[in-house]
Visitor: 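A single structure is presented below for examination.
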Amino acid sequence: MTSDGMASTSSGASAVPATTSAMILPGRRRGFEVRFEQDALVLETPVLSRRIPITAIEQVEPPKPGGRSFVVVLTAPQAGSPVSWTVQGRSAAAVRAFADALQRKLPVRDAAEPRADGTLLVTETPIVKPPIDWRRIASRAAVSLYLLVAAAMLTAGILGAYEWYGALGFWLFGSLAIPLRHFVYGTWGFTKETWRLRTRGILVEGRRLHNDVYEFTDLKGRTRKLAGTSTYTARVEILYDPEDRTAAQIGRGTTGTLIFALFTFLLCLGMTTALACLALASPLFASYLASFNRY
């Protein structure tokens, strides 16, 4: 879950480059999101996709400090009442960045300039649900099953330790606490990175270059690459941390990833503690059994 960054803007570049990837703001409820493309704003629900051209937007009412929503107001004739939509997001930082980027892209209009009815430019399309990624689900289930079986085998081994050579075997097995300790640290780092992506991440569209390498452009106009993925589609959603040039992931699934990472961390921490204690106690237990068998 790492990415590379390469500067590709000059000192005179605009705040929102023309090559910026499509920006995506996940909604508070599942299936709701907002996409900001080059010339349109797309509001998506589980059943409908509403496309609003930039030219049909009159203004953007920015979010309040710390707020997670802003209002998009459409153009309307002088005698008409403007139509507006409230856009909501999960992260206050992402909502602020999204609203600011959209505001900078709006055309500059004169106050006396006649307005067209923006609702006539809005198009609506039914949503087709994507297929379930069974490969990803099977991969997580296999890893979880492996860790559970390993914990069960460790518990059964501890309960069945009656001979000194069994205790010695457990002591040798307990030496695995050293690499497991590093695995705990690595899992904890992965958990923190996932949490940063959840609270500060910005969702954009990435393009596949070759094999498992994807490319996307951030809001500062820098071209970044994301490698080491198991996805091979032409275009994907990439969630990245604008403050960390190495934190990025395919997709928006931070909830499942965070739960899986916390579960793995706690399980590895428990296994590391148990194996460390076993490695320390088994030699003493073996000595006790050896001295007891002499009598």
Visitor: To check you understand the geometry: which heavy-atom pair defines the closest contact between Val72 and Val87, and what is its length?
Guide: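 Shortest heavy-atom separation between Val72 and Val87 comes out as CG2-CG2, 4.0 Å.
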Visitor: Any idea which heavy atoms bring Val122 and Arg50 closest together, and the distance?
Guide: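 So the minimum-distance heavy-atom pair works out to CG1-CG, 3.3 Å.
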Visitor: Determine, for Lys225 against Glu215, whether the closest basic-nitrogen to carboxylate-oxygen distance falls under 4.0 angstrom.
Guide: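 Salt bridge between Lys225 and Glu215, a charged N being under 4.0 Å from a carboxylate O: no.
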Visitor: Identify the two heavy atoms, one from Val71 and one from Ser84, that lie closest to each other, and give their separation to 0.1 Å.
Guide: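 It is CG1-CB, 3.8 Å.
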Visitor: At their closest point, which heavy atom of Arg96 faces which heavy atom of Pro63, and how far apart are they?
Guide: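 For Arg96 versus Pro63, the nearest heavy atoms are NH2-O, 2.8 Å.
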Visitor: Are Val83 and Ile57 connected, step by step, through hydrophobic side chains (Ile, Leu, Val, Met, Phe, Trp, Tyr) whose heavy atoms are closer than 4.5 Å?
Guide: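 Yes; tracing contacts between hydrophobic side chains, which count when under 4.5 Å, links both residues.
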Visitor: Give the cluster check for Met23 versus Trp85: same hydrophobic cluster or not, with ILVMFWY residues linked at side-chain heavy-atom distances below 4.5 Å.
Guide: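 Linked within one cluster.
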Visitor: For the pair Glu58 and Arg115, find out whether any cationic side-chain nitrogen is under 4.0 Å from an anionic carboxylate oxygen.
Guide: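 Salt bridge present between Glu58 and Arg115.
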Visitor: Between Arg200 and Asp241, does any NZ, NE, NH1 or NH2 come within less than 4.0 Å of an OD or OE carboxylate oxygen?
Guide: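 Salt bridge absent between Asp241 and Arg200.
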Visitor: Checking the side chain of Thr45 only, and the main-chain atoms of Phe32 only, is there a donor and an acceptor separated by less than 3.5 Å?
Guide: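 It does not hold such a pair.
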Visitor: Ion pair present between Glu37 and Arg51, side-chain N to carboxylate O less than 4.0 angstrom?
Guide: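 A salt bridge links Glu37 with Arg51.
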Visitor: Considering only heavy atoms from C-beta outward, does the side chain of Leu226 approach that of Val236 to under 4.5 Å?
Guide: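 Side chain of Leu226 against side chain of Val236, heavy atoms only: no contact under 4.5 Å found.
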Visitor: Would a 4.5 Å heavy-atom cut-off, applied to side chains only, mark Ile24 and Val34 as touching?
Guide: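 A side-chain contact under 4.5 Å is absent here.
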Visitor: Sequence neighbours excluded, which residues qualify as side-chain hydrogen bond (donor to acceptor under 3.5 Å, both in side chains) partners of Thr255?
Guide: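 Once residues adjacent in sequence are excluded, the partners of Thr255 under the side-chain hydrogen bond (donor to acceptor under 3.5 Å, both in side chains) criterion are Arg198.
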Visitor: Among the clusters formed by ILVMFWY side chains lying less than 4.5 Å apart, do Leu106 and Val95 turn up in the same one?
Guide: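 Yes, it is one cluster - the side chains of Leu106 and Val95 are joined through contacts under 4.5 Å.
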Visitor: Between the side chain of Arg207 and the main-chain N/O of Phe216, is any donor-acceptor distance below 3.5 Å?
Guide: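 Checking the backbone N and O of Phe216 against the side chain of Arg207, no donor-acceptor pair under 3.5 Å is found.
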Visitor: Check whether Leu262 and Leu197 end up in the same hydrophobic cluster, where Ile, Leu, Val, Met, Phe, Trp and Tyr are linked by side-chain heavy atoms less than 4.5 Å apart.
Guide: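 In one cluster with Leu262: Leu197, no.
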Visitor: Could you tell me whether a side-chain N or O of Thr75 sits under 3.5 Å from a main-chain N or O of Ala116, the two making a donor and an acceptor?
Guide: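 Yes: the side chain of Thr75 pairs with the backbone of Ala116.
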Visitor: For residues Phe36 and Lys105, determine if any side-chain heavy atom of one lies less than 4.5 Å from a side-chain heavy atom of the other.
Guide: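 With C-beta onward as the side chain, the pair touches.
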Visitor: Transitively linked via ILVMFWY side-chain contacts under 4.5 Å: Phe260 with Trp195?
Guide: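 No, it is not one cluster - the side chains of Phe260 and Trp195 are not joined through contacts under 4.5 Å.
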Visitor: Is a side-chain donor or acceptor of Glu113 paired with a backbone partner of Asp110 at a separation under 3.5 angstrom?
Guide: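 Between the backbone of Asp110 and the side chain of Glu113 there is a qualifying donor-acceptor contact (under 3.5 Å).
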Visitor: Can you see which heavy atom on Leu25 is nearest to which on Phe98, and at what distance?
Guide: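 So the two residues come closest at CB-CD1, 3.6 Å.
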Visitor: Report yes or no: does Arg90 contribute a side-chain atom to a donor-acceptor pair with the main-chain N or O of Gly27 at less than 3.5 Å?
Guide: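 At least one qualifying donor-acceptor pair exists.
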Visitor: On a heavy-atom basis, which atom in Leu121 and which in Pro53 lie closest, and how many Å separate them?
Guide: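 Here Leu121 and Pro53 meet closest at O-CD, 3.4 Å.
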